[in-house]
Amino acid sequence: MSEQQQYIGERWTQESIKILTALGWTQINDSGYDIPCSFKNRHGSNGKIRSNPHGIDISFICLDPFLNKNEIIIVESKTRQWNGITVSSLESFLKQLLYTLECSNCCN
């Protein structure tokens with residue numbers, strides 16, 4: 001990742017924190033942390049076992065007024081060039097997000 005992309009990603013992470021905090025959500029953990037992969041065989045690619053953890057940009061806890069209970073929300077703050085997005089790249093992003101959700105404590 002280039003320095004410019006890293007700077008932009010951190011900027012949007014900080015802006016997301018400001019917006020969601022203003023809405024009354026409470027940030028849990030630091031931004032930009034890793035969680036271990038619990039399904040290394042299934043989350044690998046091309047027949048290889050996954051060796052790296054899953055990265056999470058930010059996580060929050062907020063009250064769901066309809067269920068009247070606290071929910072944990074994982075936020076991915078990304079910036080993408082629309083002309084570079086393909087069906088394949090979107091599917092890959094969503095698959096990685098699903099893998100992260102599978103391994104997070106909030107979904108067990």
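Just so we're clear, the structure is a prediction, and the values are computed from it rather than from any experiment.
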What distance separates [X] [atom1] from [Y] [atom2], expressed to the nearest 0.5 Å?
X     : Y     : atom1 : atom2 : result
Leu94 : Ser89 : CG    : OG    : 9.5 Å
Trp25 : Glu71 : CH2   : CD    : 10.5 Å
Glu91 : Leu98 : CD    : CG    : 12.5 Å
Thr26 : Ile72 : OG1   : CD1   : 11.5 Å
Asp64 : Cys62 : CG    : SG    : 7.0 Å
Ser16 : Gln27 : OG    : CD    : 10.5 Å

With Asp34, which residues qualify under side chain to side chain donor-acceptor pair (under 3.5 Å), at least two apart?
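By the side chain to side chain donor-acceptor pair (under 3.5 Å) rule, Asp34 matches no residue at all.
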Please find the pair of heavy atoms, one from Gln14 and one from Ser31, that lie closest to each other, and give the distance.
NE2-OG, 4.1 Å
Closest non-hydrogen atom pair, Cys103 against Ser38
SG-N, 3.2 Å
Does any part of the side chain of [Y], heavy atoms only, come nearer than 4.5 Å to the side chain of [X], both counted from C-beta?
X      : Y     : answer
Asn52  : Cys37 : no
Ile61  : Ile73 : no
Ser59  : Asn29 : yes
Ser104 : Ile74 : yes

Start with the C-alpha distance between Ile17 and Phe60, add both sets of side-chain angles, then the distance that settles side chain to side chain contact (heavy atoms under 4.5 Å, CB included), and finish with yes or no.
CA-CA 9 Å; Ile17 291 170; Phe60 286 87; 4.2 Å; yes
Scan Arg50, Gln96, Glu102 and name whichever one has a side-chain hydrogen bond (donor to acceptor under 3.5 Å, both in side chains) with His43.
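Looking at Arg50, Gln96, Glu102, the match for His43 under the side-chain hydrogen bond (donor to acceptor under 3.5 Å, both in side chains) is Glu102.
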